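Each remark here refers to the structure printed beneath this line.
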Amino acid sequence: MNIFRLGGDLAHLLAIIILLLKIWTTRSCAGISGKSQILFALTFTARYLDLFTNFVSVYNSVMKVVYLAAAYATLYLMYVKFKATYDHNHDTFRLEFLILPAAGLALIINHEFSIIEVMWTFSIYLEAVAILPQLFMVSKTGEAESITSHYLFALGSYRALYIVNWVYRYYSEGFYDMIATLAGVVQTVLYCDFFYLYITKVLKGKKLQLPA
Amino acid sequence: ATKSMNKDEL
């Protein structure tokens with residue numbers, strides 16, 4: 001463990017907590033893409049199949065359980081409890097356009113052709129594009145609540161910090177994982193224009209408005 | 001190779 005990875009995990013945890021708090025306190029999931037949340041739940045499910053078979057540390061196991069519980073709790077809040085506030089009309093990204101290519105690529109490019117490894121690889125590729133429905137929704141509605149933009153900033157920062165972690169681990173222990181690293185770069189690049197808007201607008205107290 | 005295989009990251 002290093003401070004970059006710990007920082008990344010805490011940014012990820014913060015993002016998940018911000019989202020749950022936003023939905024719970026405003027009792028509304030307006031502006032949030034349920035499709036992205038489905039992809040995140042899928043990602044964690046496919047990645048943490050080894051939750052009971054591969055014990056790394058208490059921290060690792062606890063965080064996996066927290067991520068899984070939070071992902072499904074968010075789906076419950078969006079599709080059951082506050083279903084009436086879910087914005088179907090703006091959350092229209094076709095999930096199959098993301099799930100099928102990620103699954104196909106995971107079958108072709110992986111570290112090992114085994115169930116657990118292909119599922120892990122699928123989760124890595126899926127996570128890289130999981131935010132697209134959310135970014136698509138923000139561009140369609142043309143704006144986002146400030147709490148939603150804080151959520152996106154924390155979520156985007158998490159994988160950016162992981163990239164620093166991989167650089168650090170490469171030079172300090174010779175560890176590298178090209179699949180996770182390249183997918184992480186793609187994932188972080190997708191946030192770039194949002195990061196620009198967040199830093200130039202939201203941090204100045206303005207609302208996040210996307211040029212329509 | 002691109003191997004890592006040790007899944008110690010989240």
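In this text the structure is predicted, and so the values were computed from the model without any measurement. Just so you know, these numbers use all the heavy atoms, side chains as well, and skip hydrogens, waters and symmetry mates. Note on naming: letters A, B, ... go to the chains in the order of the sequence lines (proteins, then strands), and numbering restarts at 1 for each one.
Between A:N165 and B:E9, the closest side-chain pair of non-hydrogen atoms falls below 4.5 Å.
Here B:D8 contributes atom CG and A:M1 contributes atom CE; the two are 8.5 Å apart, rounded to the nearest 0.5 Å.
Using non-hydrogen atoms only and a strict 4.5 Å limit, the part of residues 25-60 of chain A facing chain B consists of A:R47, A:Y48, A:D50, A:N54, A:V56, A:Y59, A:N60.
A 6.0 Å sphere centred on OH of A:Y168 holds no more than 12 heavy atoms belonging to other residues, nucleotides or ligands. Other residues, nucleotides and ligands contribute at most 12 non-hydrogen atoms within 6.0 Å of the OH atom of A:Y170. By the 6.0 Å contact criterion, CG on A:L203 is enclosed, its count of non-hydrogen atoms from other residues, nucleotides or ligands being greater than 12.
Taking each heavy atom of B:L10 and A:Y162 in turn, the nearest pair found is N-OH, 3.5 Å.
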